[in-house]
Amino acid sequence: MATTQQRIVPRYAHTAGRTSLAYSWDGKYLITVGSNEVIRKFTVASEDEPVTIDDALGRNVAVAASDESFITCSEGGTISLFSMATDTLKQLLVRCTLSARDIALSPDGDWVAVASDETVVKVVNVEDNHKIMNLRSQSQSVKHVSFHPTGNYLAVSCVDGVIYIYSLSTEEPELVKKVDGIIKAMDAESEACSKVAWHPDGRAFAAQTPTRDIIVVDRAKWETHKTFASGHAGDITDFSWSPNGAFLASAGTDGKLVIWETEEQTIVAKYDYRHIVSLAWHPKHNVISFTTSRGELYTLPNAVPDDRAFRLKLTTRAAPLLNDSGPSMVLENRSKPPPSRQRAASVDSLDDILGGMDDGLEDFIIDDDGAGYVEPNRNGKRSSEHLDTITTHGSKRPAYGMTMWSPEIHEPFQPGSTPWKGKRRYLCLNLIGFVWTVDQDTHHTVTVEFYDRDSYRDFHLPDPYLYDKACLNETGTLFSCQPRDENPAMIFYRPHETWATRVDWRTSLPKGEEIVSIALSESYIVVCTSKAYVRVFTLFGVPFRVYRQKHMPFVACASWRDYIFVMGNGAVGADGKTQLTYSIENVKRDEALQCSDVVALPPDGEARNVFFSSDGDPVIYDSEGVLLVLVHWRQPGQAKWVPLLDTRTLDRLASGRKEESYWPVAVAQDKFHCIILKGGEKHPYFPRPLLSEFDFKIPLSTTSTPPTDSSTSSKTDTLEETYVRESILLTLQEDFAAHATTDAEDRMEMSKRVNAIDKTLLQLLGLECQSEDYGPKALEICGLFRQRRTLELAIKVAVRFNQGVLAEKIGELRDRMEVEE
């Protein structure tokens, strides 16, 4: 089934990290918890800002809610009860000695079960926290807990891959079943989910198998039944039945949100949303909300397609069991215990659990090609070997339930643009100005504003084409839109001024092509499409070049003068994620300078923005807040990424009191220009934020010393950073001078930088001469001078500090350099 992605504006509830959510039973409120030690209470279907509760005792990892209250659990092991009416902390219910991992609230709201890194599960009474039931049969720590719809059973999922089922209908909890071989063993901090999700009719539960399928287990006979198979190519991070059990929603690390129809276990909708870690159905409406590991909250309306949504309004549906003829186990009176069991609690192996699978699974697996999928054992029954790792040989087709693995890719983005928020978004933000659009339902309106209004005139235009990308520079503004109805994708260019009468133009792309990224320079327009084509136009619409990029899908592109920089997804790395590659070409000369080289990203890192600096050097800003420039990029095979600034080491963050991030805008005049984002914000919003600028600072030391510190160590660190930074900037200038025509001003700037480098080294030499253990390092510093005449000054420095031997060594170095010249 083709995947879709509704355009949803995320709400930034928390900072990046584990995030969880829960609806109140009446569906009026949505509670989220995350890594920034606050709780957010959203009013459903309201655009108002959420209530922020600062009483969270640590970083919360899970939340459960009723109509009257909500309960949170933290990594510190505290379980806290809050009032839904007053949004205040009512009491600390219980504290675990180790980190808490999950909580579950009983259907009557009276009890809360706590999973933690301890082996004991605590079940605490909400009204009287002195009443605690301890479940002790586990041998390993617990990852998930889940109440049965009647509240009389509790499922406990342990990190060793064992599920424990307890009966809570008696005063002393009783172990009913130990289910082994369904879920896989996993770390407690893993994003993958090993929980049990009870079906609303109470007769079965669902759990994720090691093959990334969701299997249904009958509660009466503890037999495995039908399977929701082949929906995900990565581990499932969360799944949940709809309130009446007619549908199942699941999310995975493959970036897919899948909606299943329960009765036939078929996929009715699939959406592209990445990094989902927690999801929940609205109790009354066709809506699913989910949170991501980025701290984002999404609410997906009309999650179930319209032609099937009526099933959500039906009464509780039957669990998907084989040969289903039994009644539902859901009881109108939830306090009524289930029928008493005729035998004592037992601990069974997987072979015992699978004892009743023979007849049912024969309907699923048919040996229609003689490949040997179904082999009877000596008793005429199929063995349980199908649950082991599946290996195919020769021409055999994959066995039932086997899913195809696909790598994690880098998602495309348009440099300088932001996502929708409140029907507004920026299409472009740079030092020239900004382009923003407003969704008017039937059409959009686009506004272009400039910082220099003496040179440029702002303009405003209606947008029936629904432009979704834009570029802005000194020459003009470029827009693009995607195919819609029968209309193909299109680009529109409007120059700021021209001597001719016709000032703008537009052109369409071939049908079937979508626009992934666009770029605009002083000379060319670049369009990267979904068909892996790079299309280059002149500024007034003449098609100049078209070629297919080697690596796709595209991620982003940028351009400067005659050069274009294109990023795409390359080969799969050892971590299962595609490498981010780039190519640089001079389109005027039709010359490739760098071809399919790798962008230097940190582990699990992403590129947040890419652009050319004002001096014409490619720059990227990564997800860890590091700004990198590409050095020697004009020489094939010599390019390397060099860090210019790590924003995490800025002095303004040294106190740890500020929570802010930075939206990259440009690199110009040897400064990083950006927008400061406060709190958990990820993108700039309206009104237009102010630009800030920071000096480059090469990350050389892990310590941050205030500028007022006059210690020798601090001065040395500062001078060493200055030397490395100035050397990098000089290298960039020398690369430019070697491949372009320079004027007197350019040569003067290079001369000043050479003098600055030697001056910095002289100051370092002076500090070294003052140290008690000076020696080879001082002479080594002298070997780094860019100018031979600086050695004369170095000799004077050594003499001044009474370092006669060093002065002689420097003199010998000067003489050798004269001979070599």
Side-chain angles (χ1 to χ4, degrees), residues 3-23 29-53 56 59-63 72 191 193 234 237-238 240 249-258 271-282 287-301 303 408-414 417-426 604-609 622-625 659-663 675 677-686:
T3 58
T4 60
Q5 183 169 7
Q6 295 187 29
R7 190 181 70 187
I8 305 176
V9 178
R11 305 188 76 169
Y12 297 93
H14 304 277
T15 54
R18 176 72 189 182
T19 312
S20 185
L21 80 166
Y23 276 106
Y29 301 107
L30 181 64
I31 313 298
T32 66
V33 296
S35 61
N36 55 349
E37 301 186 8
V38 298
I39 304 168
R40 306 281 194 193
K41 176 186 173 184
F42 294 83
T43 301
V44 174
S46 172
E47 294 294 329
D48 295 340
E49 286 297 312
V51 176
T52 299
I53 303 166
R59 299 175 59 177
N60 289 304
V61 294
V63 60
T72 64
E191 283 191 358
C193 174
T237 55
D238 198 10
S240 176
S250 61
T253 57
D254 56 354
K256 306 298 181 186
L257 172 63
V258 181
Y271 302 94
D272 282 322
Y273 291 105
R274 302 179 65 80
H275 311 294
I276 299 177
V277 292
S278 180
L279 63 85
W281 292 82
H282 189 279
V287 172
I288 293 178
S289 292
F290 52 88
T291 53
T292 71
S293 57
R294 308 286 183 83
E296 303 159 319
L297 167 65
Y298 289 82
T299 297
L300 177 66
E408 182 180 355
I409 68 170
H410 295 270
E411 296 295 334
F413 65 89
Q414 175 62 29
S417 69
T418 67
W420 288 98
K421 183 178 181 182
K423 291 194 173 184
R424 295 188 179 195
R425 63 174 294 205
Y426 290 103
D604 297 325
E606 298 178 354
R608 291 293 171 82
N609 206 348
D622 68 24
S623 54
E624 293 194 355
E659 182 184 353
E660 63 183 34
S661 56
Y662 307 94
W663 176 264
I675 295 170
L677 303 176
K678 299 293 186 180
E681 291 294 327
K682 300 295 184 182
H683 306 93
Y685 192 58
F686 298 85

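Along the sequence shown, the residues carry numbers beginning at 1.
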So that I can tick it off, tell me whether [Y] and [X] are bridged by a salt bridge, with the cut-off set at under 4.0 angstrom between side-chain N and carboxylate O.
X      : Y      : answer
Lys256 : Asp272 : yes
Glu660 : Lys678 : yes
Glu411 : Arg294 : no

Specify the closest pair of heavy atoms between [X] and [Y], including all atoms of both residues, with the distance to one decimal.
X      : Y      : result
Gly605 : His410 : O-CE1, 3.7 Å
Ser250 : Leu279 : C-CD2, 4.2 Å
Ser35  : Thr15  : OG-OG1, 2.9 Å
Ala13  : Leu297 : CB-CB, 4.5 Å
Ala249 : Ile288 : CB-CD1, 3.7 Å
His14  : Val38  : CE1-O, 3.2 Å

Distance-only polar pair, side chains of Thr292 and Tyr298, donor-acceptor under 3.5 Å:
no
Distance only, no hydrogens: is a donor on one side chain within 3.5 Å (strictly under) of an acceptor on the other, for Arg40 and Thr52?
yes
Starting at [atom1] of [X], measure out to [atom2] of [Y] and round the result to the nearest 0.5 Å.
X      : Y      : atom1 : atom2 : value
Ile8   : Thr299 : CD1   : OG1   : 7.5 Å
Glu49  : Phe42  : CD    : CZ    : 8.0 Å
Ile39  : Thr72  : CD1   : OG1   : 4.5 Å
Glu606 : Glu624 : CD    : CD    : 11.0 Å
Ser293 : Arg274 : OG    : CZ    : 10.0 Å
Asp604 : Glu408 : CG    : CD    : 7.5 Å

Check Tyr685, Phe686, Trp663 against Tyr426 for a ring pair (Phe, Tyr, Trp, His ring centres under 6.0 Å) and give me the one that passes.
Phe686
Ser289 side-chain N/O to Ala280 backbone N/O, donor-acceptor pair under 3.5 Å:
no
Looking at Gly34, is its backbone amide N or carbonyl O close enough to the side chain of Thr19 to form a donor-acceptor pair, meaning the two atoms are under 3.5 Å apart?
no
Could you walk me through whether Thr32 and Val63 satisfy the side chain to side chain contact (heavy atoms under 4.5 Å, CB included) test, starting with their C-alpha distance in whole Å, then the side-chain angles of each, then the deciding distance to 0.1 Å, before giving a yes or no?
CA-CA 7 Å; Thr32 66; Val63 60; over 6 Å; no
Are His683 and Tyr12 close enough that their ring centres sit under 6.0 Å apart?
yes
Please examine the side chains of [Y] and [X], heavy atoms only from C-beta on, and report whether any two atoms are closer than 4.5 Å.
X      : Y      : value
Glu296 : His275 : no
Tyr23  : Val44  : yes
Val287 : Trp281 : no
Arg425 : Ser417 : yes
Pro50  : Arg11  : yes
Asp238 : Ile276 : no
Ser20  : Asn60  : no
Arg18  : Val277 : yes

Given the rule in the side chain to side chain contact (heavy atoms under 4.5 Å, CB included) test, do Lys421 and Glu681 qualify, once you have shown the distances and angles that lead to the verdict?
CA-CA 12 Å; Lys421 183 178 181 182; Glu681 291 294 327; 3.3 Å; yes
Derivation of the side chain to side chain contact (heavy atoms under 4.5 Å, CB included) call for Thr43 and Tyr29:
CA-CA 5 Å; Thr43 301; Tyr29 301 107; 3.8 Å; yes
Please step through side chain to side chain contact (heavy atoms under 4.5 Å, CB included) for the pair Leu300 and Leu257, ending with a clear verdict.
CA-CA 10 Å; Leu300 177 66; Leu257 172 63; 3.7 Å; yes
